[in-house]
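Have a look at the structure below before the remarks.
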Amino acid sequence: KQSTPFSAIANAFNEYCNIISQNVSLNLTTVMASKLQAALGQEAFHLVKVIPNLRKILGNNIESNDLIDTQSWVDSRKRLEYLLCQFVAVISSSSSLPIILFLDDLQWADEASIEVVKQLLLMSVSSYQCKQFFFVGCCRGNEMKQDHKIWAVLNGVRNFGVHTEIIELSCMDKDTTNSMVSDVLCLSPRLTRPLSDILFHKTKGNPLFFCQIMSSWSKDGLLKLSLHRHRWEWEEERIQSTELPENVAMFFTGTIRNLPNEVQSALCILSCFGATSTVKLIKSLEQAINTPLFQPLDKAVFEGLLIKHDEKYSFVHDHVQSAAYNLMKPEERCLYHFQYGLALCSGSMFSQDDDAIFTAVGQINRGGPSAVSNP
């Protein structure tokens with residue numbers, strides 16, 4: 001679960017601002033900046049703190065407002081909720097295109113972000129400016145408990161006329177699996193049917209497992225490109241006899257265990273901080289615990305377990321993060337969280353970096369009392 005308030009929705013809008021600053025015409029960016037400055041005024045300073053790339057649109061002439069230091073956390077939270085709603089209202093009115101907010105792994109989203117989503121959905125039926133706002137959330141159903149806040153939000157907004165729809169996705173059937181194999185290998189479905197039948201039997205139609213198995217077979221030489229025939233070929237008997245783990249989690253665990261020890265260690269450390277970690281955080285952590293991290297993590301990127309993009313390292317899937325996290329003994333995890341939190345605290349207390357402080361405190365909290373009492 002994300003411990004930093006507004007992190008889920010702020011990350012989405014931060015990426016949006018980066019895209020806008022790079023791909024939208026200067027004229028539209030100028031119009032958007034003018035509207036945002038008019039709507040936000042000096043309060044824009046507080047929004048830039050959670051959406052750093054907003055500065056690429058507004059420019060660097062953003063003055064600090066010292067009043068935030070004298071206000072309670074509740075007031076600060078309400079202010080940010082209001083500012084984020086104003087931000088969406090402005091960008092919605094600045095373009096004829098709809099604004100679609102997509103949040104993945106919704107089961108882990110922080111409560112502050114979910115509250116903003118609620119306000120935005122209510123605005124979509126009450127405000128003309130937000131008529132083009134749409135929200136799409138993706139989650140794993142078996143991890144969404146009945147008391148999760150998103151259910152209360154969806155039930156609440158329906159009473160105000162917001163249309164909601166829940167779509168359940170299941171694993172692929174045989175024909176869909178064959179279509180995917182056909183597309184990947186650029187061969188007719190008739191030719192790929194024997195291979196896809198094996199894949200379906202071994203993966204039960206799980207798309208993530210499917211992709212990883214195909215990649216694994218290619219690395220092992222069971223699936224290879226024939227330069228002579230100008231097409232992909234495979235060794236059906238060897239593939240059929242290949243033993244695979246029972247599920248995708250066990251597959252990733254085995255993949256990580258085959259990596260050098262320093263790469264395994266770096267992945268375990270990174271897994272303690274969630275699905276995505278910034279280069280800035282990793283650099284601070286590397287210095288704090290005096291352990292090389294970047295080189296091993298780059299090796300993991302090469303192996304396809306991590307994605308490095310926009311000054312961030314992200315696990316390609318939460319199953320990979322779980323596999324790395326589960327390599328640590330359950331009784332030792334709290335100690336690692338506590339140690340990482342204390343190590344980060346020494347640098348973050350004087351840096352005035354809110355994200356670093358939230359991260360450090362979040363790690364200490366995850367350590368819990370058992371970390372303190374454990375000798």
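- One hydrophobic cluster, built from ILVMFWY side chains closer than 4.5 Å, holds both L58 and I51.
- Between F133 and the options I100, L101, I91, a side-chain contact (heavy atoms from CB on, under 4.5 Å) holds for only L101.
- In Q22, the CD atom is crowded: over 12 heavy atoms of neighbouring residues, nucleotides or ligands sit closer than 6.0 Å.
- Two residues are said to be in side-chain contact when any heavy atoms from C-beta on lie closer than 4.5 Å; Q339 and I289 fail this criterion.
- The two residues M180 and F210 have their closest heavy-atom pair at CE-CE2, 3.6 Å.
- Checked by atom type and distance alone, the side chain of S182 pairs as donor or acceptor with a backbone atom of L187 at under 3.5 Å.
- Contact detail for A324 and I256: the closest heavy-atom pair is N-CD1, 3.7 Å.
- Other residues sharing a hydrophobic cluster with L169 under the 4.5 Å side-chain heavy-atom criterion for ILVMFWY residues are I167.
- Listed for the E262 side chain is no donor-acceptor partner under 3.5 Å among the backbone atoms of P296.
- In terms of hydrophobic clustering, with Ile, Leu, Val, Met, Phe, Trp and Tyr side chains grouped at heavy-atom distances under 4.5 Å, L225 and V184 are assigned to a common cluster.
- Looking at residues two or more places apart in sequence or on another chain, you find a side-chain contact (heavy atoms from CB on, under 4.5 Å) between I307 and H309, V316.
- When atom types are taken as modelled, the side chain of T255 and the backbone of F251 share a donor-acceptor pair closer than 3.5 angstrom.
- For E236 against P194, the heavy-atom pair with the smallest separation is OE1-CB, 3.7 Å.
- Side-chain atoms of C17 and F87, non-hydrogen and from C-beta on, do get closer than 4.5 Å to each other.
- Using a 4.5 Å heavy-atom threshold, the side chains of L270 and L285 count as separate.
- The side-chain contact (heavy atoms from CB on, under 4.5 Å) check on K118 picks up E115, L122, V153, V157, with sequence neighbours excluded.
- For the residue pair N326 / R333, a side-chain donor-acceptor distance below 3.5 Å is found, with atom types taken as modelled.
- Under a 3.5 Å cut-off, the side chain of N18 and the backbone N or O of N14 do not form any donor-acceptor pair.
- In this structure, C85 and M123 approach most closely via the heavy-atom pair CB-SD, 3.4 Å.
- A side-chain donor-acceptor contact under 3.5 Å links K202 to the backbone of T242.
- No donor-acceptor distance shorter than 3.5 angstrom exists from the side chain of S216 to the backbone of I213, with no hydrogens or angles considered.
- Counting heavy atoms from C-beta outward, V50 and L83 have side chains that stay 4.5 Å or more apart.
- Ion pairing between a basic and an acidic side chain is recognised when a charged N comes within 4.0 Å of a carboxylate O; D175 and R193 show such pairing.
- With hydrophobic clusters built from ILVMFWY side chains whose heavy atoms lie under 4.5 angstrom apart, V117 does not share a cluster with V136.
- Looking only at distances, a side-chain donor or acceptor of N178 sits under 3.5 Å from a matching main-chain atom of P189.
- The number of heavy-atom neighbours closer than 6.0 Å to CZ of F160, taken from other residues, nucleotides and ligands shown, is 12 or below.
- Inter-residue side-chain proximity for I114 and E111 is flagged as unmet; no heavy-atom pair is nearer than 4.5 Å.
- Residue-environment remark: CG (N290) stays at or below the threshold of 12 foreign heavy atoms within 6.0 Å.
- Between F13 and Y16, the angle of the ring planes goes over 60°, which puts this pair in the perpendicular group of the 30/60° scheme.
- If you check the side chains of T203 and N206, you find no donor sitting under 3.5 Å from an acceptor.
- For F315 against L267, the heavy-atom pair with the smallest separation is CZ-O, 3.8 Å.
- Side-chain N or O atoms of E233 include none that pairs as donor or acceptor with a backbone N or O of K224 at under 3.5 Å.
- A donor-acceptor pair under 3.5 Å is formed between the side chain of S241 and the backbone N or O of E237.
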For Q363 and F273, run side chain to side chain contact (heavy atoms under 4.5 Å, CB included): C-alpha distance rounded to whole Å, both residues' side-chain angles, the deciding distance at 0.1 Å, then the answer. CA-CA 8 Å; Q363 288 294 307; F273 293 85; 3.6 Å; yes
Begin with the C-alpha distance, continue with both residues' side-chain angles, and end with the deciding distance and a verdict on salt bridge (charged side-chain N to carboxylate O under 4.0 Å, His left out) for K283 and E311. CA-CA 11 Å; K283 186 179 296 184; E311 295 295 302; over 6 Å; no
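- Summarising the local packing, CZ of F294 is surrounded by more than 12 heavy atoms from other residues, nucleotides or ligands at distances under 6.0 Å.
- Inter-residue side-chain proximity for L103 and F135 is flagged as met; some heavy-atom pair is nearer than 4.5 Å.
- There is a path of hydrophobic side-chain contacts, each under 4.5 Å, that joins V116 to V125.
- Linking ILVMFWY residues whenever their side-chain heavy atoms come closer than 4.5 Å, directly or via other members, places L281 and V301 in the same cluster.
- Heavy-atom contacts from other residues, nucleotides or ligands closer than 6.0 Å to NZ of K219 number more than 12.
- Between D318 and R140, at least one side-chain N (NZ, or NE/NH1/NH2) sits under 4.0 Å from a carboxylate O, which counts as a salt bridge.
- The environment of K174 atom NZ is sparse: at most 12 non-hydrogen atoms of other residues, nucleotides or ligands sit within 6.0 angstrom.
- Heavy-atom minimum distance, W232 versus L185: CD1-O, 3.4 Å.
- Residues S21 and N53 fail the side-chain proximity criterion, which asks for heavy atoms closer than 4.5 Å.
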Worked check of side chain to side chain contact (heavy atoms under 4.5 Å, CB included) between M32 and T29: CA-CA 5 Å; M32 187 179 295; T29 304; 5.7 Å; no
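- Looking only at distances, a side-chain donor or acceptor of S124 sits under 3.5 Å from a matching main-chain atom of L121.
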Can you list the steps and then say if C272 with M328 is a side chain to side chain contact (heavy atoms under 4.5 Å, CB included)? CA-CA 10 Å; C272 292; M328 297 180 288; 3.6 Å; yes
Run the side chain to side chain contact (heavy atoms under 4.5 Å, CB included) test on F6 and E81 for me, step by step, so that the C-alpha distance in whole Å, both residues' side-chain angles and the decisive distance to 0.1 Å come before the verdict. CA-CA 9 Å; F6 301 103; E81 288 177 5; 3.9 Å; yes
